[in-house]
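For reference, the structure is listed below as structure tokens.
None of the values given here were measured: they were computed from a predicted structure. All chains are named by letter (A, B, ...) in the order of the sequence lines, taking the proteins before the strands, and each is independently numbered beginning at 1. Heavy-atom basis, side chains included; hydrogens, waters and symmetry copies ignored.
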Amino acid sequence: MADIRSNFVGIKSPNPFWLASAPPTDKEVNVVRAFKAGWGGVVWKTLGENPPVVNVSSRYGALHLNDSRMVGFNNIELISDRPLEINLQEIKKVKRDWPDRAMVVSLMVPCEEESWKRILPLVEETGADGIELNFGCPHGMSERGMGSAVGQVPEYVEMVARWCKQSTRMPVIVKLTPNVTDIRHPARAAKRGGADAVSLINTINSICSVDLDLMAPTPVVDGKGTHGGYCGPAVKPVALNMTAEIARDAETQGLPISAIGGIGNWRDAAEFMALGAGTAQVCTAAMHHGFKIVDDMISGLKNWMDEKGYATIEDFRGRAVPNVTDWKFLNINFKSIAKIDQDKCIKCGLCHIACEDTSHQAIAANRLEGKRRYEVIDEECVGCNLCSHVCPVPDCITMVSMETGKPYQNWTQDPRNPMRKAAE
Amino acid sequence: MAQSATPDIAAARLQPQDIDRNFEDVKPVLDRKRAIVESSRCYFCYDAPCTEACPTSIDIPNFIRMISTDNVRGAAEKIFEQNILGGMCARVCPTEILCEDSCVRNTSEDKPVNIGALQRYATDRLMAQDGHPFQRQAPSGRKVAVVGGGPAGLSCAHRLAMLGHDVTIFEAHDKLGGLNEYGIAAYKTVDDFAQREVQWLMRIGGISAKTGTALGRDVTLEQLRRDYDAVFVGLGLAGVNALGLDGEEVANVQDAVDYIAKLRQAPDKSKLPVGRKVLVIGGGNTAIDIAIQSKRLGAEDVTLVYRRGPDQMSATWHEQEFAQVNGVKIKHWAKPVRLISHQGAVREVEFEYTQLDDQGRLTGTGETFALLCDVVFKAIGQKLVKDPVNGKAHESLDLANGKIVVNADMQTSLPNVWAGGDCVASGTDLTVQSVEDGKIAAIAIDRYLRRKNSK
Ligand SMILES: Cc1cc2nc3c(=O)[nH]c(=O)nc-3n(C[C@H](O)[C@H](O)[C@H](O)COP(=O)(O)OP(=O)(O)OC[C@H]3O[C@@H](n4cnc5c(N)ncnc54)[C@H](O)[C@@H]3O)c2cc1C
Ligand SMILES: Cc1cc2nc3c(=O)[nH]c(=O)nc-3n(C[C@H](O)[C@H](O)[C@H](O)COP(=O)(O)O)c2cc1C
Ligand code: SF4
Ligand code: SF4
Ligand code: SF4
């Protein structure tokens, strides 16, 4: 049986599944329930200075797709609204009772060295395993010069990371905001500041929907709304890309990454790990389904690893990173075309109309003895995959690699590229 | 078992509240949540097979998509565009052999999208609102007579009115609706829906109705052809086939359709006389419906006897199953050969087993059995009452196999007379087909009238 124990920058946990800093980790009752359910660790809900913040009522928005609820989720909550002492007492108690679980404490205080110096010893005293610097919250806190207001300025990221590293023995994880144009800049800054790891992503600035009766963005607070932080399954692609960018950047490669963003099952987690992440943090999926989802994450990951022959997470971690490249290095001579399995096909015609109306007119709608039959016109198919994505039947349309007889050639070498560098 | 001296036929075999419950809506309308879940199962197929299987060609993927976005009015308008009785069809269509049978979800997971229920959801909601979704075109100054106020006639009348013509419906009964009002099983169309639908349909304007007026008795085809610019005939099948056995003209051998009509009109179903042992002879909708409704009124034993096998029954597999779920016993491959009477009532029916011979013809095996009964229902098919359209009158319509002959435009052998629904040769005896016939005829009549105008 695969061993999924995790040691992330010295923080040990029985499995790599942590709850992200958010309501599921807001207080003792929740965290104890999570540990009972089997979670490997938590990042405690972000602590700030006293007096605690005050939250509004009506806090979450959601994107539902037909019968799928909460495909995307957004919130306008602030950091922990409970007094600092209470949080610290509870952290201490839970860590004492659950010594094998990872206890990381998320922090957000004003961007002044004194503030950080004041809070770090208090956290250290709880016996916590590490800290996560919340440079990501994109709403409310950012208006007060904290959260993403810090995370968006690489110099601040570096500066605060350095202050923390100088004032504590605990490992420092910098949580990045995705609300930047290039995630590598804050990641590089964190590394320069001495951070042990980065975690990403925090939530994405968003308006989830507009209430067309109230004419206000949701969630609506007494007639008005504001932008909030977006998360859940919909943000996973964004988080995967940012993880890959950091994993393959010359300056930050090898920097430990705790992945966050749309993770809801073992497969999501494995994908982030393949792109180099060491642990997987979860928020929305737990808020949606409760803590029991960790059962599947643990057994699913182990079963898949056994199937693949991976004994530990290190055996496959980062394996996909070398296969993430720039567009210009993709093989222009590679060709694949769609192939329809006529036995599986249910004759819905979706592939035809998608290709016909919006793409390459490469799927013919035929009738054979009055019966529908959809057929790929090989010569017209450019191998875009659209049909295979719209087809409702799993594995009915596959993309088949074609033998072209041509060698690997990328755009930098292609004669059709006027900008190519002549191969001397 | 000893049999009582006279047939055991009595009202109130069940408590009134139980009878009420047995005649509640058999498939209540979906709520919004269920409708949205179900609508999300539709793939929005291209050139959708379900639409092709709908006799009225409703754009099913499109209306379902509109339900999924909460555009329920748009969805209902899409349905009514093609089928103005979309509300009734949502209740009575045997979707298991029509749209839902063609749904690609049958292939992908053995469970079609519940198109009928979604259609009901959309149409019920729109019909509950004020107004009417369609407007009439500019008046054409033309008048059309529609004979018969069943689904075919109503559909034709509505479309003609929409296209700007003035319509008069001549209906023999007191109420419009045809079998929607007098024939469909009571639990399929509760709360006086048939009449509500007629009233809603009439909101388009330009349609007047002369009820209690029968063609052949109160008015003739000649008169109508003279007084109107065109005539549509949607008479349905008002006659009933006989068993052809001695002694069937007695009180406890009844026409199923007559009894159902009474049941549909009864203000209090617990006052309806019901046999204790009921025998139903036939294999179609009517046979199934009378069997189930007898059971639901409290008959103790209901046996339906059909001369061929389950696959040959015109009642669909779903209806056969529903009958069985309701405790109806179905016996196949047997035909009635003798009615055994006692004191002027049939008390027993003798059946002969049947089989197919080498040529595929139905023959008796010679072996017989008998079943006791208090009531026998004849449900072996309805037929056209010919006189009004093909009698001794000077003008008559061509018939074939006892039904009116029409071309693809539903035009009869007389140039300004069209016909549709159960009374025409192509009739499939479905409400939805009658609606389509009426629609096609109306469009053809409109073309004819416009040509006439331009001359
Ligand atoms: C018991 C029963 C159950 C059924 N259940 C279903 C079902 O569940 N689903 C389904 O799809 N189909 C069902 N059908 C079939 C369906 O009802 C018919 O196909 C449909 O009603 C035919 O419509 P129509 O307009 O042609 O005729 P009808 O509905 O029969 O209407 C004909 C109209 O013409 C009138 N009329 C007749 N003669 C004259 C005259 N001389 N002058 C003036 N008016 C006249 C009649 O009074 C009647 O109103 C059922 C039929 C029966 C008998
Ligand atoms: C209601 C809510 C509150 C959150 N509060 C915090 C917070 O206090 N500190 C923090 O670092 N991240 C916070 N987050 C962000 C999550 O930790 C996480 O980064 C984000 O939700 C993406 O992960 P997911 O897709 O699994 O939800 C919050 C998220 C939600 C939904
Ligand atoms: S989830 Fe709980 S706290 Fe939140 S609105 Fe619902 S009932 Fe209230
Ligand atoms: S989308 Fe898939 S199932 Fe539908 S017609 Fe095309 S190949 Fe067949
Ligand atoms: S066949 Fe089924 S899935 Fe396809 S459009 Fe019709 S109802 Fe929807």
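Within 6.0 Å of CG in A:Asp357 there are more than 12 heavy atoms belonging to other residues, nucleotides or ligands. Within a 6.0 Å radius of CZ in B:Arg65, no more than 12 heavy atoms belonging to other residues, nucleotides or ligands are found. Taking a 6.0 Å sphere around CZ of A:Arg267, one finds it holds 12 or fewer heavy atoms contributed by other residues, nucleotides or ligands. Environment of CZ in B:Arg196: crowded, with over 12 heavy atoms of neighbouring residues, nucleotides or ligands closer than 6.0 Å. Taking a 6.0 Å sphere around NZ of B:Lys188, one finds it holds more than 12 heavy atoms contributed by other residues, nucleotides or ligands.
Between B:Glu52 and A:Lys347 there is no salt bridge, since no side-chain N of the basic residue sits under 4.0 Å from a carboxylate O of the acidic one.
With a threshold of 4.5 angstrom between heavy atoms, A:Ala354 does not approach chain B through any atom at all.
Using cut-offs of 30° and 60° on the angle between ring planes, the pair B:Tyr46 and A:Tyr374 is perpendicular.
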I'd like to know whether A:Arg372 forms a side-chain contact (heavy atoms from CB on, under 4.5 Å) with B:Asp47, so could you lay out the CA-CA distance, the side-chain angles of the two residues, the decisive distance to 0.1 Å, and finally the verdict. CA-CA 10 Å; A:Arg372 293 170 166 71; B:Asp47 193 11; 4.1 Å; yes
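Between A:Ile346 and B:Val104, the closest heavy-atom pair is O-CG1, 3.1 Å.
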